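Okay, structure first, notes after.
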Amino acid sequence: MSGVRTEWIWIRHAPVQGQESRYFGQLDVAPEPVDPALAAAIARRLPGVAVWLSSPLTRARVTAMALKPGADPIPVSDFNEQNYGLWQGRSYNDVYTANRTLDWAWPAEIVPPEGESFVDVATRVYAGVRRLTEHYAGHTLVSIGHANTIRAAIALALEIDLATALRIDIAPLSVTKLGCRMVDGEVQWSVGCINHEV
């Protein structure tokens, strides 16, 4: 419907436990507890009425419940974090040292063994965002996701290449706001903020 605006509020999950400088990807690692004062500060910036979504992973769902007690976010598999395959659980340094022949200048296209590339992630995120934007047209969606999920959503909104999107910092518990409107049959995206930390 022309002129209808759909708001996306993306929040990265809380920091995870024991995975510093590692590819944890789709490992279902636990998040650190969210400080109640910080959770309350973030919650105050969120609309009272919204459709809550999340990645199926525990760290996203637990973060949603910390921000909105009693929340039962709709799990969206398209918004799962990147699958790093056999690299999951390994440190960045170990993976780089063992794979020096890969073209690290173009990380978006690197496919970890038994995993997926960031291009693959973006393809499914784009599909999920488009499908849900159409389904929930005119609503506000609060989606608890992952760094690469949110980078892909930003790339879609700004029409930037994925190599550039990977250079965007997405901090734990940061907020990114994107808006989508249909104007004369064309999708128009706008960006309210990226990586805003309360």
Side-chain angles (χ1 to χ4, degrees), residues 6-85 87-92 112 115-116 118 120-122 124-129 131-133 135-136 139-154 165-166 168-178 192-198:
T6 305
E7 301 285 349
W8 280 86
I9 300 174
W10 290 90
I11 302 173
R12 188 181 174 193
H13 60 78
V16 298
Q17 299 175 358
Q19 296 294 320
E20 292 77 12
S21 300
R22 292 182 179 275
Y23 290 97
F24 50 92
Q26 292 188 7
L27 295 177
D28 205 9
V29 294
E32 296 177 0
V34 179
D35 177 82
L38 176 57
I42 295 171
R44 283 194 295 271
R45 295 177 172 268
L46 302 178
V49 177
V51 177
W52 280 68
L53 314 169
S54 82
S55 151
L57 293 175
T58 299
R59 58 188 181 268
R61 298 183 63 75
V62 168
T63 299
M65 290 184 282
L67 298 179
K68 185 177 181 181
D72 186 18
I74 300 166
V76 182
S77 59
D78 286 332
F79 297 163
N80 213 337
E81 178 59 293
Q82 184 169 346
N83 182 353
Y84 291 105
W87 293 357
Q88 293 185 154
R90 296 177 62 189
S91 74
Y92 300 152
E116 62 180 344
F118 182 53
D120 297 325
V121 175
R124 59 177 165 79
V125 170
Y126 290 2
V129 168
R131 182 181 71 252
L132 292 166
T133 297
H135 183 76
Y136 291 108
H139 290 77
T140 296
L141 297 93
V142 176
S143 185
I144 312 301
H146 307 274
N148 280 352
T149 306
I150 298 169
R151 290 182 179 115
I154 294 167
L166 279 175
I168 300 172
D169 285 334
I170 304 294
L173 296 171
S174 66
V175 176
T176 294
K177 294 184 178 182
L178 308 174
C193 66
I194 292 175
N195 194 40
H196 177 74
E197 297 183 70
V198 175

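Being a predicted model, the structure only gives us computed values, none of them experimental.
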Margin query: Return the NZ to CD1 distance between K177 and I11, rounded to the nearest 0.5 Å.
Written below: 9.0 Å

Checklist line | Heavy-atom closest pair, residues N195 and A171 | finding: OD1-N, 2.7 Å

Item checked: Closest non-hydrogen atom pair between L178 and A153, with its separation -> CD1-O, 3.7 Å

Next item on the list: Measure from the side-chain N and O atoms of H196 to the backbone N and O of C193, and report whether any donor-acceptor pair falls under 3.5 Å.
Entry: no

Checklist line | Ring geometry between W8 and W10 (parallel below 30°, tilted from 30 to 60°, perpendicular above 60°) | finding: parallel

Margin query: Taking the side chain as everything from C-beta on, heavy atoms only, tell me whether T140 gets closer than 4.5 Å to V49.
Written below: no

Check: Mind checking whether T176 and I154 have side chains closer than 4.5 Å, heavy atoms only?
Finding: yes

Notebook entry, point to check: Under the side chain to side chain contact (heavy atoms under 4.5 Å, CB included) criterion, do W52 and L46 qualify, and how do the steps go?
Noted result: CA-CA 11 Å; W52 280 68; L46 302 178; 3.8 Å; yes

Next item on the list: Dump the intermediate steps for side chain to side chain contact (heavy atoms under 4.5 Å, CB included) on L166 and N148, then the final yes or no.
Entry: CA-CA 7 Å; L166 279 175; N148 280 352; 3.7 Å; yes

Checklist line | Approximate separation, where rounding is to 0.5 Å, of T6 OG1 and L132 CG | finding: 10.5 Å

Note to self: Is there a side-chain hydrogen bond (donor to acceptor under 3.5 Å, both in side chains) between S55 and H146? Walk through the geometry before answering.
What the structure shows: CA-CA 8 Å; S55 151; H146 307 274; 2.8 Å; yes

Check: CD1 of I150 to OG of S174: how many Å apart, nearest 0.5 Å?
Finding: 6.0 Å

Check: Where do T63 and A14 come nearest, in terms of heavy atoms and distance?
Finding: OG1-N, 3.0 Å

Check: Which atoms form the tightest heavy-atom contact between A152 and F118, and what is the distance?
Finding: N-CZ, 4.0 Å

Notebook entry, point to check: Given side chains that start at C-beta, do those of R124 and N80 come closer than 4.5 Å, heavy atoms only?
Noted result: yes

Next item on the list: Evaluate the side chain to side chain contact (heavy atoms under 4.5 Å, CB included) criterion for residues V34 and L173: first the C-alpha distance (whole Å), next the side-chain angles of each, then the deciding distance (0.1 Å), finally the verdict.
Entry: CA-CA 9 Å; V34 179; L173 296 171; 4.2 Å; yes

Next item on the list: State whether the side chain of T149 and the backbone N or O of G145 hold a donor-acceptor pair below 3.5 Å, judged by distance alone.
Entry: no

Next item on the list: Quick one: which residue pairs count as a side-chain hydrogen bond (donor to acceptor under 3.5 Å, both in side chains) with a foot in residues 28-37, not counting sequence neighbours?
Entry: D28-T58

Checklist line | Minimal non-hydrogen separation, S77 against P56, with atom names | finding: CA-CG, 3.9 Å

Margin query: Can you pull out every salt bridge (charged side-chain N to carboxylate O under 4.0 Å, His left out) where at least one residue sits in residues 63-78? Sequence neighbours excluded, please.
Written below: R61-D72, D78-R131

Margin query: Is it the case that the ring center of W87 lies less than 6.0 angstrom away from the ring center of Y92?
Written below: no

Next item on the list: Could I get the full list of side-chain contact (heavy atoms from CB on, under 4.5 Å) partners for A147, not counting sequence neighbours?
Entry: R12, E81, R151, I170

Next item on the list: Grab the two heavy atoms, one from A39 and one from A66, that are nearest each other, plus how far apart they are.
Entry: CB-O, 3.6 Å

Check: Under a 4.5 Å cut-off applied to non-hydrogen side-chain atoms, are P73 and L53 in contact?
Finding: no

Next item on the list: Go through the steps for Q26 and Q88 under the test side chain to side chain contact (heavy atoms under 4.5 Å, CB included), then give the verdict.
Entry: CA-CA 8 Å; Q26 292 188 7; Q88 293 185 154; 3.7 Å; yes

Notebook entry, point to check: Is there a side-chain contact between I144 and L67 (heavy atoms, below 4.5 Å)?
Noted result: yes

Check: Taking Q19 for the side chain and F24 for the main chain, is one N or O donor matched with an acceptor at less than 3.5 Å?
Finding: no

Check: Is there a donor-acceptor contact under 3.5 Å linking the side chains of E116 and N83?
Finding: no

